[in-house]
Amino acid sequence: METFSTQNKGYHAETTVVTYCRNKKDCDDRSKLKILLSFGQHGRELITTELALRILSILSEEEFLSSAYPLNLNNTLDRLVIKVVPMENVNGRKLVEAGDLCERRNGRGVDLNRNWSVDWGKKEKDYDPYEENPGSAPFSEPETQIMRKICASFEPHVWVNVHSGMEALFMPYDHKNTTPEGLPSQRMRLMLEKLNRFQLNDRCLVGSGGGSVGYLAHGTATDYMYDIARVPMSFTFEIYGDSTASSKDCFKMFNPTDITTFNRVLNDWSAAFFTLFSLGGVQIEELHPNATGSGFEKWVSIDDYLNGYLMERKSRYGKKMEVLELGMQEIRTYFRLFLLSSVLLMFMFCSRISKSGRQIVSAMSL
C-alpha cells in the first residue's frame with residue numbers, strides 16, 4: 001500500500017494505491033498482465049469503493065468467490081499485477097460523509113472525470129456547470145495529476161474506471177458517439193458482452209459511453225487512457241443505479257439501500273472483475289502477441305513529456321534513452337529554425353544588393 005500526495009494553489013489531495021502481486025519478486029516481470037482499477041472518482045458513488053474493498057478482500061483471501069465461479073483463480077492470479085485505487089476522490093468523499101450526498105466533484109468543485117486532456121473543456125447544450133466543472137485546465141487537479149503519474153509509471157494493459165448511476169459496461173469513446181475502429185475494438189466489445197451475459201444476467205448496457213449513456217462527456221479518464229496513454233483495453237463500468245429514485249435523493253440513486261441488494265451488487269461485480277482478469281490476458285495476447293513481452297511499445301505525446309511525464313515514468317526503455325531522444329528532437333527543431341533563418345537573411349541581403357545596384361546604375365545614366 002502506497003500513498004501519493006500533491007497540491008495545487010493551496011489545495012492538497014492524496015490517494016492510496018494498493019498493489020497486488022502473488023510473488024513480490026515477480027512484480028516487475030514484463031510477462032505479467034498489468035491491470036489498473038480506479039474507484040470512488042465521484043464522491044457520492046460510495047458503492048464503488050465498497051466493491052474495491054471486496055475485490056481486495058478476495059485477493060488477500062479474507063473472503064472468497066462463490067463456489068460456482070467457473071475459472072481457475074490461482075492460475076489467473078499468477079499472471080497478474082493489479083493496482084487498485086479504492087477511493088480516488090478522498091476530499092469529495094469527505095463532503096458526502098459530512099452530509100452533501102449529491103456531491104460528485106472534488107474538494108474545490110471540479111469534476112475529476114472532466115479534467116483529463118482528451119477533448120477537454122467542450123460544453124454540450126445540456127452542460128451543467130455545477131455537475132461538470134472541468135477545472136481551469138487539463139490536469140489542473142492534484143487527484144488527476146496523481147492518477148496520470150500512476151498510469152505513466154505502471155503502464156497498464158487494462159484500465160477500468162468504476163462508477164455508479166446505472167448498470168453498464170462502456171468502452172471508448174465518451175466524447176463522441178462512436179467506438180474505435182478495427183479488431184481491438186471488436187474484441188473489447190465481445191469481452192464486455194461475455195461479461196454481461198455470463199456474470200451480470202444481461203442487465204447492462206454495452207457499447208461506447210458517448211453512444212449509450214445518452215450524453216457526451218469530454219475530458220474523461222477512459223478516453224485519455226485509450227487515446228493518449230495507449231492502454232489497449234480501457235473501460236468504464238457502471239455497477240449500480242436506481243432509476244426510480246428521486247433526483248434529489250442522490251444516495252438512493254447511486255447506492256443500494258438494503259443489505260440484499262448491497263450483497264448482490266458486490267457478489268455479481270466481484271465475480272465479473274475476476275472474469276475480466278482472466279479474459280483480459282487472453283484478449284491482450286491475441287491482439288498484441290508481444291503486449292506483455294519486450295516488443296510492446298507505447299507512444300507518448302510531447303505534451304505528456306512537458307507536463308512531467310518523463311521524470312515520473314519508469315520506462316521499459318530506460319530514462320536515459322528517452323532523454324537522449326527528446327534532446328535530439330529539440331536539436332533537430334533548432335537546426336531547422338537556424339536553416340530557415342539563414343535562408344531568410346540571405347534573401348534579405350541579396351534584395352538589398354539588388355536595390356543598391358539599380359540605384360548606382362540610375363545615377364550613372366543621369
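Hydrogens, waters and symmetry mates are skipped; everything else that's a heavy atom, side chains included, is used. These numbers were taken from a predicted model, which means no experiment stands behind them.
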Relative to the ring of Tyr224, is the ring of Trp116 parallel (under 30°), tilted (30 to 60°) or perpendicular (over 60°)? tilted
Apply side-chain contact (heavy atoms from CB on, under 4.5 Å) to the pair Thr48 and Phe254, showing each step before the final yes or no. CA-CA 9 Å; Thr48 65; Phe254 293 98; over 6 Å; no
What do the steps show when you test Ser5 against Glu14 for side chain to side chain donor-acceptor pair (under 3.5 Å), and what is the final call? CA-CA 4 Å; Ser5 62; Glu14 64 179 35; 5.1 Å; no
List the steps, then state whether side chain to side chain donor-acceptor pair (under 3.5 Å) holds for Asn161 with Thr236. CA-CA 5 Å; Asn161 193 14; Thr236 300; 4.9 Å; no
Hey, can you tell me if Tyr173 and His175 have their rings parallel, tilted or perpendicular (30° and 60° cut-offs)? perpendicular
Do Val84 and Leu33 belong to the same hydrophobic cluster, where Ile, Leu, Val, Met, Phe, Trp and Tyr are linked whenever their side-chain heavy atoms lie under 4.5 Å apart, directly or via other members? yes
As a test of understanding, state which of Asn113, Asp223, Asp119 forms a side-chain hydrogen bond (donor to acceptor under 3.5 Å, both in side chains) with His218. Asp119
Between Glu63 and Arg54, is there a side-chain N and carboxylate O pair less than 4.0 Å apart? yes
Report yes or no: do Leu65 and Leu59 belong to one cluster of Ile/Leu/Val/Met/Phe/Trp/Tyr joined by side chain heavy-atom distances under 4.5 Å? yes
Are any of the side-chain heavy atoms of Met1 and Thr16 separated by less than 4.5 Å? yes
For Phe237, which of Leu195, Thr222, Leu37 qualifies under side chain to side chain contact (heavy atoms under 4.5 Å, CB included)? Leu195
Give a yes/no verdict on a cation-pi contact between Arg148 and Phe139, requiring under 6.0 Å between NZ or CZ and the six-membered ring centre and an angle within 45° of the axis. yes
A cation-pi test, strictly: NZ or CZ of Arg105 under 6.0 Å from the centre of the six-membered ring of Tyr130 and no more than 45 degrees from its axis. Yes or no? yes
Taking atom types as modelled and ignoring hydrogens, do the side chains of Asn89 and Gln41 form a donor-acceptor contact shorter than 3.5 angstrom? no
Check the pair Phe274, Ile55 against side-chain contact (heavy atoms from CB on, under 4.5 Å), reporting the backbone distance first and the verdict last. CA-CA 9 Å; Phe274 281 89; Ile55 291 171; 4.3 Å; yes
